[in-house]
Amino acid sequence: MTRTGLVARVLIDSPLPQLDHLFDYSIPAELAADAVAGVRVKVPFRSSGRVADGYLIEVIDAAAPDTGGSDADFHGKLSPIEAVVSSVPVLTPEVWKLARRIADRSAGNASDVIRLACPPRQVRVEKAWLAAQAPAAEANPGPANPEPAGPSDVPSRPADARFSEYGAGVLEEAIAESRRLAVAAVPSLVALPAGPSIGHWAQTLAELAVATLETGRTAILVLPDYRDQDQVQAALDLLAPAGSVSRVDARQPNPDRYRAFLACLGAAPRIILGNRSAVYAPAADLGLIALWDDGDPLHSEPLSPYAHSRDAALVRQEQSGCALVLLGHSRSVEAQRLVELGWLAEVHPATGRHPHVIPTEFQAADDQYARAARIPSAAWHTARQALKQGPVLVQVASPGYAPMLACQGCQKAARCTRCQGPLGLASVGATPSCRLCGALAADWTCVHCTGRIFRIATIGAGRTAEELGRAFPGVRIIIADGDHPIQHLGAEPALVIATRGAEPIPAGGYRAVLLLDGQRMLARESLRVGEDALRWWSNAAALAAPGAAVMLAEVGGALARAMSTWQPEGFAASELADRRQLRFPPAVRAASVTGAAADVDAALAELAEIPGVDVLGPVGTEPPLVRAIVRFAYSSGDDVAGALKAQVVRNAARRRRPKGAAFRAAPTLKVRFDDPELL
DNA sequence: AGCACGCCGACT
DNA sequence: GTCGGCGTGCTC
């Protein structure tokens, strides 16, 4: 049949994979004015009065030939759109393209990505925003933004001081010419005038953003956690024009989040600061995406389709042609791969100054308390000297007091009788309790040997603090971990015991840094231990004052060398070489396929023809389920994702098996791409 | 999630 | 020939 008038192509907001494509609707005359690409709509679904929420993706002329690029033409009778929810086009064409691509490359749903990109609507906030837009647009035909960005009289670091550590014009040029860079951060602190110290890296990010804004474009800064965001925010408060910064952060309440999101929709260029979902923020004219510490696991999204913000940034960079910066003290193996491909160019600070890291193989301290606290002799002496001048950082592996107990008799780990979780102590002399379910184990008995006496198997920050208190009598002890977050510190002497990633930032830097528990951090069974440890250590070392010693205990070999020469790239390069040999990510990509044996086999059969694919398994997991791991070359990614997505759709459509009880719980076929913990 | 459609067995 | 049960697949 021939169609006339305009056709709305709509993405239904549903997690069902079989609905993950565009549906065509007609546009009633009374909605035509508001029915523009990007608005939220309500559409009838399956004729019987049910309505679904969706996004209007594009409006096309029905008479014109299909533009292609989407699904096969639909030639039935179109239903009309039921309503336009609001006139705000929340899903910009650029973000739609990004969401579609991110979903496609991981066999996921576009609407799952859009959920990260477009926060839930808040009617009051939206009305206020629309009201603020309208009069401004009438009075002033310029950009409808109440606080226009641009040069201002904000006190800022002199332009010639900007990026001075990186040599003449390298970073300015990168912004102006939209380059892609892996930038090594300057490993030191900067003192803000009338404020706390922040990492030098945070100032570099802020300067990159301001330089982008000065070229009239938007910058997106992606940071793993809120403490990192706070540091960049503090730098931007000094450097960026008032009102030019939007912070988009999942921690803030929904109304605030939506307000910040709407600000990003404005026509004026901005600086957008946020966590991993900030890569999906709408941007008027995108000039830069910058990520801090892309190896941090908080960059990977825990919800389907589990996209890593580095990958999303790479895709968006490719689509928009903006500049891309990965900034860090260490180098992720993924970034190293991109460098070796020539996709990212390396930039190092011109000064080459770095913390003075001293690896100390374990050598028991002469002091008995220092020995009890696992501090090597040299480190103990260093710390004692440094404590005369200011704060000293002790980085440890575990929070709590004694996170793990074991039987004195048979040495087996002590476990909860209810849930088999590990038992630990919350403080000195506390009753042992389960760390998973919290149950108290008042009269614990070992299930293996019926012994009734336990000993401390792993030592937490609390216990370390106690022991260090004895080793350094009279010194103030400060504990910083997940339960006791401390952001900033003064310059007074104190022994600061912190778990990795929770280190407070002292004014002027630590006078010494002790990296303890090296062996424990490396004992974890994961492909990424070395890389992670290097990240934790170098981030802590970068908090040292100029010239302060950083003592790395219990660690030798390539890791110690990478730290003492401050060349994490070398370590990343050798890791990558190993992964190539093993055919492990990120040398190749990988996906897991989980489901009923027959379904997994059917899915794997689809992959047989694709070059560069090999399959591990399937092996049984929980009884009805099996799991296979598919490894494939980056160049086969689209084919693998396409084939698996087709299989997921088929499986979802055919889910309801015969009602005859036995078959009832037919498991869904699950596919997960690029799981960092997979191999 | 609900509804239409089609294949197959049993009946007029 | 045709009615209807139930399994399968689609929803513009």
Side-chain angles (χ1 to χ4, degrees), chain A residues 1-32 34-85 89 91 93 96 99-100 103-104 107-112 114-115 304 595-596 598-599 601-603 605-606 642-671:
Chain A
M1 72 177 276
T2 50
R3 302 188 294 192
T4 53
L6 297 178
V7 173
R9 316 208 71 199
V10 173
L11 181 84
I12 307 292
D13 185 9
S14 156
L16 297 177
Q18 63 271 42
L19 302 186
D20 185 27
H21 61 92
L22 300 183
F23 290 86
D24 291 359
Y25 290 87
S26 62
I27 303 175
E30 66 273 21
L31 297 180
D34 278 340
V36 298
V39 296
R40 294 179 210 265
V41 290
K42 289 195 180 292
V43 291
F45 208 56
R46 195 61 187 170
S47 57
S48 59
R50 294 174 60 227
V51 286
D53 292 324
Y55 294 90
L56 177 48
I57 300 302
E58 58 174 348
V59 178
I60 56 171
D61 190 338
D66 194 350
T67 49
S70 48
D71 314 280
D73 302 56
F74 175 76
H75 288 292
K77 181 167 160 48
L78 299 188
S79 299
I81 290 179
E82 181 110 353
V84 172
V85 174
L91 182 61
W96 158 247
R100 182 69 273 167
D104 286 345
N109 261 355
S111 63
D112 287 336
I114 292 170
R115 211 156 298 137
S304 172
D599 296 336
D601 288 343
E606 296 289 313
L644 290 179
K645 175 71 180 286
Q647 203 60 34
V648 166
V649 168
R650 222 165 302 159
N651 179 273
R654 201 187 22 200
R655 252 183 72 51
R656 278 175 313 172
R657 302 264 163 103
K659 283 187 182 161
F663 295 83
R664 195 64 196 96
T668 11
L669 186 66
K670 288 205 180 93
V671 171

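In what follows, chains carry the letters A, B, and so on, assigned in the order in which the sequence lines appear, proteins first and then strands, with residues in each chain numbered from 1.
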Interatomic distance where [atom1] belongs to [X] and [atom2] belongs to [N] [whole Å]:
X	N	atom1	atom2	result
A/Glu82	C/dC12	CD	P	12 Å
A/Gln18	B/dA1	CD	P	11 Å
A/Ile60	C/dC12	CD1	P	16 Å
A/Ile81	C/dC12	CD1	P	13 Å
A/Phe45	C/dT11	CZ	C1'	4 Å
A/Phe23	C/dC12	CZ	P	7 Å
A/Asp20	C/dT11	CG	P	15 Å
A/Ile12	B/dA1	CD1	P	17 Å

_Evaluation steps, salt bridge (charged side-chain N to carboxylate O under 4.0 Å, His left out), between A/Asp20 and A/Arg100_ = CA-CA 10 Å; A/Asp20 185 27; A/Arg100 182 69 273 167; 2.9 Å; yes
Quiz item: Ignoring hydrogens and geometry, is there a side-chain-to-backbone donor-acceptor pair from A/Lys670 to A/Gly595 under 3.5 Å?
Solution: no
Sorted by chain and residue number, the side chain to side chain donor-acceptor pair (under 3.5 Å) partners of A/Tyr25 (sequence neighbours excluded) come out as none
Sorted by chain and residue number, the side chain to side chain donor-acceptor pair (under 3.5 Å) partners of A/Asp112 (sequence neighbours excluded) come out as A/Arg115
- Checking all strands, does A/Leu19 fall into the base, sugar-phosphate, or nothing category for heavy-atom contacts under 4.0 angstrom? base
